[in-house]
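Taking it in order: structure first as structure tokens, then the write-up.
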Amino acid sequence: MKIGFIGLGIMGKPMAKNLLKAGHEIVCFDLNKASVDEVIAAGATTAATSAEVASQCPMVITMLPNSPHVKAAVMGAKGVLEGAKEGTILVDMSSIAPLASQEIAKACEAKKVRMLDAPVSGGEPKAIDGSLAIMVGGDKALFEEVYDILMVMGGTAVHCGPVGAGNTTKLANQIIVALNIAAVSEAFTLVKKAGVDPHLVFDAIKGGLAGSTVMNAKAPMMMDSNFKPGFKIDLHIKDLSNAMDTGHGIGSPLPLTAAVREMMETLHADGFGQDDHSALARYYAKVSGTKIGD
Ligand code: NAD
């Protein structure tokens, strides 16, 4: 199938490349020319604007930072909706506010464009090996229509409900990941300060109840003081802010989310917003005077 792919960052690039490897034609677009060139080198073509991408493709995927970027690329000048024909499928795989997904879906409906919100979890490694966890909101029949294409990029794709439900699910995912990283940072700083080797603590507890995918991925980064992203602190602040806006809107308080968000804001203010979210360990280094890594 000829698929438009808009947003070729840490995640979008490997996802687009996997679609190429599976035999799909890709027409790609990003504001960053170097990223476009890299995906062209892998076999894609490009177009001058998101509208031109959409005019060439029956299906368009967006993988952009946040709600304003998706609104600009879809509803803005020279956006997808300017170029899309009736019946075009838009799958927004960005992590954005559920209310923004619903607003974009309404604008799509007015142009007879069919839309799903389909954010992902798993980070760059799973984007590269095509095993992302994909959580989808929108029409169930449309989900079934694009399922095989989603499964080129994902290891699972679950239909969670109407438009917005994919991003509501993603907010839950991001709360659980952030709090888990904070817990690992707090606990590993404690053991280091108490004089116990964090590597031995990791080996001792990873097979028990405290073990987690998050700990397996992030504790080694903390022990190596390697905070190359991965998933950036600034993007996680965006997700936790979206979670808190959503929670406040429906009367569902998020006290732990608020605390970890403020830790991340501290890191942003200290100039670490582009670090991986495992850099929460830096917050604990600041307040305890002890680094987990050597
Ligand atoms: P990124 O910052 O690496 O890439 C975003 C890309 O979008 C950039 O290349 C930027 O130039 C492009 N862009 C921005 N506005 C644009 C526009 N109007 N038109 C065209 N291109 C535009 O971000 P990423 O890490 O790839 O994340 C993308 C989305 O996936 C985010 O919503 C993020 O929260 C989510 N996500 C990221 C990860 C991760 O580990 N990085 C994991 C799961 C989900």
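Everything numeric here is computed off the predicted structure, so don't read it as measured data. As the structure lists them, so they are numbered: ligands from 1, and atoms in each ligand from 1.
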Shortest non-hydrogen contact between V27 and C57, atoms and distance: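 Closest heavy-atom pair between V27 and C57: CG2-SG, 3.6 Å.
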For [atom], the option (of [options]) bearing the nearest heavy atom:
{"atom": "atom 13 (N) of ligand 1", "options": "V80, I96, L64, N242", "result": "L64"}
{"atom": "atom 10 (C) of ligand 1", "options": "N32, N173, D30", "result": "D30"}
{"atom": "atom 33 (C) of ligand 1", "options": "M11, Q174, K238, H69", "result": "K238"}

Tell me, yes or no, whether the heavy-atom count around E109 atom CD, taken from other residues, nucleotides or ligands under 6.0 Å, exceeds 12. no
Does a salt bridge link D276 with K218, judged by any charged N lying under 4.0 Å from a carboxylate O? yes
Just do the salt bridge (Lys or Arg N to Asp or Glu O under 4.0 Å) check on K170 and D117 with the steps written out, would you? CA-CA 10 Å; K170 175 67 181 177; D117 62 314; over 6 Å; no
Between [X] and ligand 1, is there a nitrogen or oxygen pair with a distance under 3.5 Å?
{"X": "I10", "value": "yes"}
{"X": "S95", "value": "yes"}
{"X": "N66", "value": "no"}
{"X": "V120", "value": "no"}

So, [X] side chain and [Y] main chain: donor-acceptor pair closer than 3.5 Å or not?
{"X": "S101", "Y": "G164", "answer": "no"}
{"X": "T46", "Y": "C28", "answer": "yes"}
{"X": "K2", "Y": "E25", "answer": "no"}

Which residue owns the protein heavy atom closest to [atom], what's the atom, and how far is it?
{"atom": "atom 41 (N) of ligand 1", "result": "G230 O, 3.4 Å"}
{"atom": "atom 4 (O) of ligand 1", "result": "G9 CA, 3.1 Å"}
{"atom": "atom 39 (C) of ligand 1", "result": "F231 CD1, 3.2 Å"}

Using a strict cut-off of 4.0 Å, indicate which atoms of ligand 1 neighbour a heavy atom of [X].
{"X": "M63", "value": "29 (C), 30 (O)"}
{"X": "L235", "value": "23 (O), 25 (O), 27 (O), 33 (C)"}
{"X": "G123", "value": "40 (O), 42 (C)"}

Part of [X] with heavy atoms under 4.0 Å of ligand 1, whether side chain, backbone, both or neither:
{"X": "K170", "answer": "side chain"}
{"X": "M93", "answer": "neither"}
{"X": "L31", "answer": "both"}

Is R282 positioned over the aromatic face of F272, cation under 6.0 angstrom from the ring centre and no more than 45 degrees off axis? yes
Looking at ligand 1, would P65 count as a contact under a 4.0 Å heavy-atom criterion?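 Per 4.0 Å heavy-atom rule, P65 contacts ligand 1.
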Below 4.0 Å from any atom of ligand 1, is there a heavy atom belonging to K232? yes
At what distance, to the nearest 0.5 angstrom, does NZ of K111 lie from CE of M75?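 Answer rounded to 0.5 Å: 11.0 Å.
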With clusters defined by side-chain heavy atoms of hydrophobic residues (ILVMFWY) lying less than 4.5 Å apart, directly or transitively, does I181 cluster with L171?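 No.
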Please name the residue in the list T156, T213, N173, T169 that meets the side-chain hydrogen bond (donor to acceptor under 3.5 Å, both in side chains) test with S121.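 Going through T156, T213, N173, T169 one by one, the side-chain hydrogen bond (donor to acceptor under 3.5 Å, both in side chains) with S121 is satisfied by N173 alone.
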